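Bear in mind the structure is a predicted one, so any value in this text is a computation, not a measurement. Residue numbering restarts at 1 for every chain, and letters A, B, ... go by the order of the sequence lines. The figures here come from the full heavy-atom set of this structure, side chains too, leaving out hydrogens, waters and symmetry mates.
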Number of protein chains: 4
Amino acid sequence: MTTEPANPRYRSERSHKAILDAALKLCLEQGFARTSVDAIAKEAGVGKQTIYRWWPSKAAVLVEAIDRQSAPSIEFPDTGDIYADLRDQMVAVAKYFQTTQSSTYREVIGAAQSDPAAAQAILDTLVNPRVQGCRRRLERAQQQGQIRTDAVLDDVVELIYAPLYYRLLLGARPNTPSQVEDILNLVFDGIRPQTPNPPSTDD
Amino acid sequence: MTTEPANPRYRSERSHKAILDAALKLCLEQGFARTSVDAIAKEAGVGKQTIYRWWPSKAAVLVEAIDRQSAPSIEFPDTGDIYADLRDQMVAVAKYFQTTQSSTYREVIGAAQSDPAAAQAILDTLVNPRVQGCRRRLERAQQQGQIRTDAVLDDVVELIYAPLYYRLLLGARPNTPSQVEDILNLVFDGIRPQTPNPPSTDD
Amino acid sequence: MTTEPANPRYRSERSHKAILDAALKLCLEQGFARTSVDAIAKEAGVGKQTIYRWWPSKAAVLVEAIDRQSAPSIEFPDTGDIYADLRDQMVAVAKYFQTTQSSTYREVIGAAQSDPAAAQAILDTLVNPRVQGCRRRLERAQQQGQIRTDAVLDDVVELIYAPLYYRLLLGARPNTPSQVEDILNLVFDGIRPQTPNPPSTDD
Amino acid sequence: MTTEPANPRYRSERSHKAILDAALKLCLEQGFARTSVDAIAKEAGVGKQTIYRWWPSKAAVLVEAIDRQSAPSIEFPDTGDIYADLRDQMVAVAKYFQTTQSSTYREVIGAAQSDPAAAQAILDTLVNPRVQGCRRRLERAQQQGQIRTDAVLDDVVELIYAPLYYRLLLGARPNTPSQVEDILNLVFDGIRPQTPNPPSTDD
DNA sequence: TAATAATCGAGACGGTACGTCGTGTCTTGCT
DNA sequence: AGCAAGACACGACGTACCGTCTCGATTATTA
């Protein structure tokens, strides 16, 4: 795990799990900001020192907890239809971003703005693995001719995920499935007017 | 600012400005998280009460301070070329997001993840005015036929701004001018392969 | 009060008193060592900071509290009979040293062994005023010819008080009134054998 | 030492000594209060458990360590002149009480105010053996007519030692050889005015 | 011009949480 | 099998801030 020290000489597996569970539970109940390390320790039946021994901060605990919780759903689908796969994945993310649970993720990203180590942990543990999954799926699609060959895929990944995070973190508009689809259509077809030159075009 | 009262009488004007200046200065020097209300009050030569009289939180102070600082650059350019205008504006934003000053903005957005009132202030004061400026510019471009008529402009605005915020807040990659241009090209042309020949589907 | 800072710009008299009362109460109930600053603060309905603002340590709080409690009994009696006065005072001290309350005093002296500031406060606040009272009484007695003129009174004071503290702090034997009287007789008459016959010294 | 088990087998002898040495060394360097059991264990190259196996507390360790250190000087001199012997012994104690090493002893007595077991160990191990030595010397002197026959020797011992401890633990005045002698003269001759002439009473 | 009222600086207040240290017990794995 | 090394639950430490509440001094208005 990213946020662990190099040398877990030995750690109590029971305590480890109890800490992650307690952290998630309390954040769900009262929010990340209102959840103190003391409270996590008490809820987990653990000494505060044990938390500080294995994680550098409250945020780091929750990065690992969130990761463990969401690890199963990490794989990107591949049905052969890149549009459908992207849509399904984005809708799944959008739905998660609408849940109460994701508030914890949101607040952890917020805390990471003042905590470079936490920011790095988020990237390494939560964001990049999923981004890479998306990228690999895009690569296959590009090889199959479903995506322009000149598209820089790292940019494409960002273009797809960025609106979801924008809405999550700025809160201007909620992440709804229909808007996800609107965004995806724009990403596929662009905003340039349909080429006025005679030989053209889709709808 | 949203939370200001009707009658800032007496000595208030001087204090008001001193608070905003002190807040920006301290955040620049040591970051938002390490800047306490006490410290702002002391730096501004002001009683703590005076700060709480006008703003509900430290974040709210900085929303106003950042707004005052960036107010001049709020207008969206209109040279007639929507691509060039978007590129110039995005590059300007990207450059700002690379500065040290923007760290304060970044941290304030972070704090807002646990502070709905601050989140609303950010939207109302900092984000929405600029978003609306962008939207109005896009409307003119759409009327001039530079953008597809079926594009939903609110979505387009998000698609343009989201990657900038994504990089600001997730920190995966820096906001460089060249990447801004790559993104903009994707937004304009989409990722779907060119289909010059009318009858087509891939696979 | 000795242990207060020079500049009590203003302090809440209510809190001040509540802290001293709470400290004495908790020490009486569970002993000085088992009484934490947190507990005193909670019992007094006071913030911990308020304690640390006015006293450098838990021991300093209790020095002041004990002083306030015992201030009334500070005066040394003067009936004209120095022996009787010393006996009465010593017996009073011995009785106090046998009470549960004095355990707090005892433990505070114990803590002062590792805390020079507390040691000084004990001397200045609790010990020296009483020692001076005793000394002044001895001076009057010496002038009245009830005490040898060549006796160094500072030493006499110590000789009188020391056995009381010795028993208090070493705990070899309890401070009983009868032993007090034995000691006092020794102090008055010395241990040298009576030498009524003019020519005498033992080898 | 009181708390030692019956069978210190295996590697224990080396560890036992290392613990006592480490404890004394650390207390000398940084004081008893700032010396933790962990630190002693580390310094001695010993597991913490090994310390707790043999002693009930840090104070108990130091009682034994101090005892071992001062055991050689336990015997009371007997030159035949009780005054000279007492003076020599008291001066020796006074000198020791002025050394840095005695700070450890002082602090251990301090800690014992909140630790009855330690208090008992101090009495049994350090104080009573020396007190008994003094008492036995006084007995001989009394039999030789150098001390009043009606003097209760247990009280006399206390009267002699108490001022030394009073100064050690209260710290009002330092333990100097000359003051020791003043005290001793008072103990021998008392404070009552000389009444050499048969017919006499004070005022 | 003096008296009165308001506004503010300074900072004390009751609290909560922090991250560290020390305690005495328990666990692991080396020797 | 015995021990060092140190993880563990626990509890206290002293500090930093929070947001509220005095307290006086200074200012502005009214008498």
Side-chain angles (χ1 to χ4, degrees), chain A residues 7-16 18-19 33-42 44-58, chain B residues 7-12 14-15 18 33-42 44-53 55-58, chain C residues 5 7-16 18-19 33-42 44-58, chain D residues 8-12 14-15 18 33-42 44-53 55-58:
Chain A
N7 165 24
R9 260 187 54 98
Y10 73 86
R11 74 150 88 180
S12 156
E13 208 41 59
R14 189 216 140 264
S15 295
H16 187 158
I19 290 165
R34 305 179 61 96
T35 298
S36 66
V37 175
D38 293 69
I40 295 172
K42 184 147 289 184
V46 137
K48 231 192 318 181
Q49 194 66 249
T50 301
I51 296 180
Y52 285 111
R53 182 153 32 232
W54 301 112
W55 294 276
S57 67
K58 185 176 58 160
Chain B
N7 63 338
R9 332 183 261 163
Y10 295 124
R11 281 158 278 189
S12 62
R14 193 209 132 268
S15 296
R34 304 178 61 96
T35 298
S36 66
V37 175
D38 293 67
I40 295 173
K42 186 147 289 185
V46 137
K48 246 198 301 184
Q49 195 65 257
T50 303
I51 295 180
Y52 285 111
R53 185 153 35 233
W55 296 276
S57 68
K58 185 175 63 160
Chain C
N7 165 23
R9 258 187 56 95
Y10 73 86
R11 75 151 87 179
S12 156
E13 207 41 58
R14 189 215 139 265
S15 296
H16 187 155
I19 290 165
R34 304 180 61 96
T35 297
S36 66
V37 175
D38 293 68
I40 295 172
K42 184 147 290 183
V46 137
K48 232 194 314 183
Q49 193 66 248
T50 300
I51 296 179
Y52 285 111
R53 187 161 19 239
W54 301 113
W55 294 277
S57 67
K58 188 175 58 159
Chain D
R9 327 183 264 160
Y10 295 123
R11 277 158 280 189
S12 63
R14 193 212 132 267
S15 296
R34 305 178 60 96
T35 298
S36 65
V37 175
D38 295 68
I40 295 173
K42 186 147 290 184
V46 136
K48 244 196 306 183
Q49 197 63 258
T50 303
I51 296 180
Y52 285 111
R53 186 156 30 236
W55 296 276
S57 67
K58 185 175 60 159

Item to complete: Enter the inter-axis angle for the ends of the helix from E:dT1-F:dA31 to E:dT31-F:dA1 (five pairs per end, rounded to 10°).
Response: 10°

Discussion item. Measuring from atom NZ of D:Lys58 to atom CD1 of D:Ile51, what distance do you get when rounded to the nearest 0.5 angstrom?
Written reply: 11.0 Å

Discussion item. If I compare all heavy atoms of D:Gly47 with all of D:Ala41, which pair ends up nearest, and what's the gap?
Written reply: C-CB, 4.2 Å

Worksheet item: Excluding sequence neighbours, so at least two apart, what forms side-chain hydrogen bond (donor to acceptor under 3.5 Å, both in side chains) with D:Thr50?
Response: D:Arg53

Fill in: For atom CD1 of B:Ile51 and atom P of E:dT7, their distance in whole Å
19 Å

Item to complete: Could you check which of F:dC18, F:dT15, E:dG19 has an atom nearest any side-chain atom of A:Tyr52?
Response: E:dG19

Worksheet item: Please give, in whole Å, the distance from F:dG19 C1' to B:Ile40 CD1?
Response: 14 Å

Response to the item:
When rounded to the nearest 0.5 Å, the distance separating CZ of A:Arg11 from CD of A:Glu13 is 7.0 Å

Response to the item:
Those residues at least two apart in sequence (or on a different chain) that pass salt bridge (charged side-chain N to carboxylate O under 4.0 Å, His left out) with A:Lys48 are A:Asp38

Worksheet item: Starting at the 5' end of DNA chain F and moving along, which residue's nearest nucleotide shows up first, C:Arg34 or B:Ala39?
Response: C:Arg34

Worksheet item: Start at the 5' end of DNA chain F and walk down; is the nucleotide closest to B:Val37 or to C:Val37 reached first?
Response: C:Val37

Using atom names, set out every protein N or O paired with an N or O of nucleotides 8-11 of chain F below 3.5 Å, distance rounded to 0.1 Å.
{"from": "F:dC8", "atom 1": "OP1", "to": "A:Ser12", "atom 2": "N", "distance (Å)": "2.8"}
{"from": "F:dC8", "atom 1": "OP2", "to": "A:Arg53", "atom 2": "NE", "distance (Å)": "2.9"}
{"from": "F:dC8", "atom 1": "OP2", "to": "A:Arg53", "atom 2": "NH2", "distance (Å)": "3.3"}
{"from": "F:dC8", "atom 1": "OP2", "to": "A:Trp54", "atom 2": "NE1", "distance (Å)": "2.9"}
{"from": "F:dA9", "atom 1": "OP1", "to": "A:Ser15", "atom 2": "OG", "distance (Å)": "3.0"}
{"from": "F:dA9", "atom 1": "OP2", "to": "A:Gly47", "atom 2": "N", "distance (Å)": "3.1"}
{"from": "F:dA9", "atom 1": "OP2", "to": "A:Thr50", "atom 2": "OG1", "distance (Å)": "2.8"}

Item to complete: Supply the atom-to-atom distance C:Ile19 CD1 to C:Trp54 CH2, rounded to the nearest 0.5 angstrom.
Response: 10.0 Å

Worksheet item: How far apart are the closest heavy atoms of D:Ala44 and D:Ala18, and which atoms are they?
Response: CB-O, 3.6 Å

Worksheet entry | Any residue meeting side-chain hydrogen bond (donor to acceptor under 3.5 Å, both in side chains) with A:Ser12, in chain and number order, not counting sequence neighbours | A:Ser15

Item to complete: Report the distance from atom CG of B:Asp38 to atom P of E:dA10, rounded to the nearest whole Å.
Response: 13 Å

